[in-house]
Amino acid sequence: MPKEKKQPLRQCIACRELKDKRSMLRVVKNREGKIFLDFSSKAAGRGAYVCDNPECIKKLKKGRLLNKNFSCAVNDEIYSAIEEEYFGKKQN
């Protein structure tokens, strides 16, 4: 009887819920301090996950949660890129 593979879970930094890693968007800060969206989920560096709940996306930007998570200033372009990825267009 084959063992079932465990689904990797990650915590959303906005709602703090554990969810399937593959259903979430990963944002990475690499050694050089560059922050970017990681669609492969394999980039080296400190990762932060956000789920696809619209409330989480709004909370992420409003609370500047990536700034807190990475302990540095995060460019507005990163927050906008996350919104575009989930909503398909810029939100104001």
What distance separates Leu60 CG from Ile78 CD1, expressed to the nearest 0.5 Å?
11.0 Å
Under 3.5 Å, sequence neighbours excluded: what are the donor-acceptor pairs made by side chains of residues 8-17?
unit_1	atom_1	unit_2	atom_2	d
Gln11	NE2	Arg16	O	3.1

With clusters defined by side-chain heavy atoms of hydrophobic residues (ILVMFWY) lying less than 4.5 Å apart, directly or transitively, does Leu37 cluster with Tyr49?
no
Using the rule given for side-chain contact (heavy atoms from CB on, under 4.5 Å), can you reason through Ile35 versus Val28, listing the C-alpha separation, both sets of side-chain angles and the distance that settles it, and then say yes or no?
CA-CA 6 Å; Ile35 297 170; Val28 176; over 6 Å; no
Are any side-chain N or O atoms of Asp38 and backbone N or O atoms of Ala43, one a donor and one an acceptor, separated by less than 3.5 Å?
yes
Results of side-chain contact (heavy atoms from CB on, under 4.5 Å) for Lys34 - residues two or more places apart only:
Asn30, Phe36
Within-4.5 Å side-chain heavy-atom neighbours: Val27 and Phe70
yes
Within this structure, what is the NZ-SG distance for the pair Lys29 and Cys72, rounded to the nearest 0.5 Å?
4.0 Å
Sequence neighbours left out, what passes side-chain contact (heavy atoms from CB on, under 4.5 Å) with Asp52? Give chain and number order.
Tyr86
Please tell me whether Phe39 and Met24 are part of a single hydrophobic cluster in this structure, the criterion being side-chain heavy atoms less than 4.5 Å apart.
no
Check for me, please, whether Phe87 and Val50 land in the same ILVMFWY cluster - side-chain distances under 4.5 Å, paths through other members count.
yes
Looking only at non-hydrogen atoms, find the nearest pair between Ser41 and Arg26 and report the distance.
C-NH1, 3.9 Å
Report the C-alpha distance between Ile57 and Cys51 in whole Å, list the side-chain angles of each, state the deciding distance to 0.1 Å, and finish with yes or no for side-chain contact (heavy atoms from CB on, under 4.5 Å).
CA-CA 8 Å; Ile57 307 302; Cys51 67; over 6 Å; no
Enumerate the residue pairs fulfilling side-chain hydrogen bond (donor to acceptor under 3.5 Å, both in side chains) with a member in residues 65-76, sequence neighbours excluded, ordered by first and then second residue.
Arg64-Asp76, Asn67-Tyr79
